[in-house]
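Just so you know, residue 1 is the first one in the sequence shown, and it goes up from there.
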Amino acid sequence: MHPVEALASHLSPGRGWKEHLADEFSQPYMQALAEFLAAEENAGKILFPDSSHCFNALNSTPLDQVRVVILGQDPYHGPGQAHGLCFSVRPDVPVPPSLVNMFKEIQSDLGVAPPDHGCLQPWAEQGILLLNSVLTVVQGQAGAHQGKGWETFTDRVIETVNREREGVVFLLWGNYARKKGQHIDRSRHLVLEGPHPSPLSAYRGFFGCKHFSRANEWLREQGQKPVSWELPSKADLSIGY
């Protein structure tokens, strides 16, 4: 199987994404990206997340169910962390600092106690697209796959949501996310911007932003069901990891 066909095979049909993004896999940038990823693996490098999970954000959240988009930058590069959803880690992995701060803001904003894990899969299954700009990384090498083509692909994902959906909430935290979301049609969607939840910047305005309650207020105004930001306990998670 050609590398680009192998990559495309991980994007599940029937979720609405493949129909809108199929042409991307014939573009030169995606051909080059697929060949680059294959070469990285052939060289013995360990890539995160596993290739079967690189499109987990899209496979977990069908296009016609997207209500909220959270933009991240790169997958986590430590063993066992990344599983294809921005800010999220597998259930048995310690909760990373930025996600700890997200849970703190949810508790302050909504009175929801932090969970005993950092797996955001239940959010994805509620219509929250947890999209990183870059979808793969090399173990121990933060940002190793930046500038290889993923950014163009995820720009197309954002363009698709912007065009095909109505009344979506976009949560853009930090300069990188704000820049990536600069072309969102704000007459049709709600864009909430603020500092990144990283410990380096959370005290500059992420804490107290109330983005989680504001997102739910907007969804109610649009006649949509609000998000349940409360995650089940680790014991109650029903995911196959």
Side-chain angles (χ1 to χ4, degrees), residues 48 57 67-124 126-135 137 140-144 146 151 154 158 168-184 186 189-221 226-234:
F48 297 138
R67 300 185 289 150
V68 178
V69 178
I70 299 178
L71 291 184
Q73 188 165 353
D74 292 283
Y76 298 116
H77 55 85
Q81 291 182 301
H83 63 115
L85 305 177
C86 73
F87 292 105
S88 180
V89 291
R90 295 174 186 269
D92 293 322
V93 175
V95 181
S98 291
L99 186 52
V100 168
N101 286 340
M102 288 166 61
F103 291 154
K104 286 180 179 178
E105 175 58 22
I106 290 171
Q107 184 171 28
S108 172
D109 188 11
L110 297 169
V112 172
D116 59 353
H117 62 89
C119 181
L120 305 182
Q121 188 74 34
W123 286 3
Q126 285 191 73
I128 302 177
L129 181 64
L130 297 164
L131 183 69
N132 273 320
S133 177
V134 177
L135 301 186
V137 72
Q141 298 180 35
Q146 291 181 7
E151 294 92 340
T154 52
I158 295 168
V168 171
V169 182
F170 289 83
L171 301 180
L172 309 182
W173 299 324
N175 292 331
Y176 187 93
R178 284 200 292 270
K179 184 176 180 181
K180 192 167 181 68
Q182 62 186 335
H183 298 301
I184 297 163
R186 296 171 191 234
H189 305 289
L190 177 65
V191 178
L192 298 176
E193 300 181 347
H196 195 277
S198 160
L200 298 175
S201 56
Y203 288 94
R204 298 175 191 160
F206 177 80
F207 290 136
C209 69
K210 297 188 180 298
H211 282 181
F212 302 96
S213 62
R214 291 172 65 187
N216 278 349
E217 289 168 10
W218 167 267
L219 292 172
R220 289 190 190 97
E221 290 170 2
V227 171
S228 174
W229 295 103
E230 184 172 7
L231 290 163
S233 69
K234 182 162 63 175

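- To the nearest 0.5 Å, the span separating CZ on Phe207 from CG on Asn101 amounts to 3.5 Å.
- Shown here are the side-chain contact (heavy atoms from CB on, under 4.5 Å) partners of Ser198, two or more places apart in sequence or in another chain: Ser98, His196, Leu200, Ser201.
- Smallest separation of non-hydrogen atoms from Pro197 and Ala202: O-CB, 3.6 Å.
- Under a 3.5 Å cut-off, the side chain of Gln126 and the backbone N or O of Ser228 do form a donor-acceptor pair.
- Although no hydrogens or angles enter the test, the distance criterion places no donor-acceptor pair under 3.5 Å between the side chain of Tyr76 and the main chain of Cys86.
- Just one of Val168, Val69, Val68 meets the side-chain contact (heavy atoms from CB on, under 4.5 Å) condition when paired with Leu129; it is Val69.
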Open item on the list: Test side-chain contact (heavy atoms from CB on, under 4.5 Å) on Asp92 and Lys234; report intermediate values, then the result.
Closed with: CA-CA 8 Å; Asp92 293 322; Lys234 182 162 63 175; 3.6 Å; yes
Task: From CA spacing to verdict: side-chain contact (heavy atoms from CB on, under 4.5 Å), Gln73, Val134 - done: CA-CA 6 Å; Gln73 188 165 353; Val134 177; 5.7 Å; no
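- Contact of the Leu71 side chain with the Phe170 side chain is not registered, since no non-hydrogen atoms from C-beta on lie closer than 4.5 Å.
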- [ ] Applying side-chain contact (heavy atoms from CB on, under 4.5 Å), run through Gln81 and Phe48 and close with a yes or a no.
- [x] CA-CA 8 Å; Gln81 291 182 301; Phe48 297 138; over 6 Å; no
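- With sequence neighbours excluded, the residues satisfying salt bridge (charged side-chain N to carboxylate O under 4.0 Å, His left out) with Arg186 are Glu193.
- Shown here are the side chain to side chain donor-acceptor pair (under 3.5 Å) partners of Asn216, two or more places apart in sequence or in another chain: there are none.
- Residues satisfying the side-chain contact (heavy atoms from CB on, under 4.5 Å) criterion with His77, sequence neighbours excluded, are Val137, Ala142.
- Here the CE atom belonging to Met102 is positioned 14.5 Å from the CD atom belonging to Gln107, to the nearest 0.5 angstrom.
- Residues Phe212 and Phe206 approach most closely at CE1-CZ, 4.3 Å, considering heavy atoms.
- How far CH2 of Trp123 is from CG of Leu85: 11.0 Å, rounded to the nearest 0.5 Å.
- Of the possible polar contacts, none joining the Arg204 side chain to the Gly194 backbone as a donor-acceptor pair under 3.5 Å is found.
- Rounding to the nearest 0.5 Å gives a distance of 8.5 Å between OG of Ser88 and CG of Leu231.
- Rounded to the nearest 0.5 Å, atoms CZ (Arg214) and NE2 (His211) are 5.0 Å apart.
- Residues passing the side-chain contact (heavy atoms from CB on, under 4.5 Å) test with Val95 are Leu99, Val100, Phe103, sequence neighbours excluded.
- Atom CD of residue Glu105 and atom CG of residue Leu110 lie 8.5 Å apart, to the nearest 0.5 angstrom.
- Scanning for side chain to side chain donor-acceptor pair (under 3.5 Å) contacts around Tyr176 gives Ser133, with sequence neighbours left out.
- Residues Trp173 and Phe87 are in side-chain contact: their nearest non-hydrogen atoms beyond the backbone lie under 4.5 Å apart.
- Across all non-hydrogen atoms, the minimal contact from Leu219 to Pro226 is CD1-CA, 4.3 Å.
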Open item on the list: Could you go through His83 and Cys119, starting from their C-alpha distance and side-chain angles, then the distance that decides it, and tell me whether this counts as side-chain contact (heavy atoms from CB on, under 4.5 Å)?
Closed with: CA-CA 9 Å; His83 63 115; Cys119 181; 3.9 Å; yes
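- In this structure, Asn132 and Leu135 approach most closely via the heavy-atom pair O-CD2, 3.3 Å.
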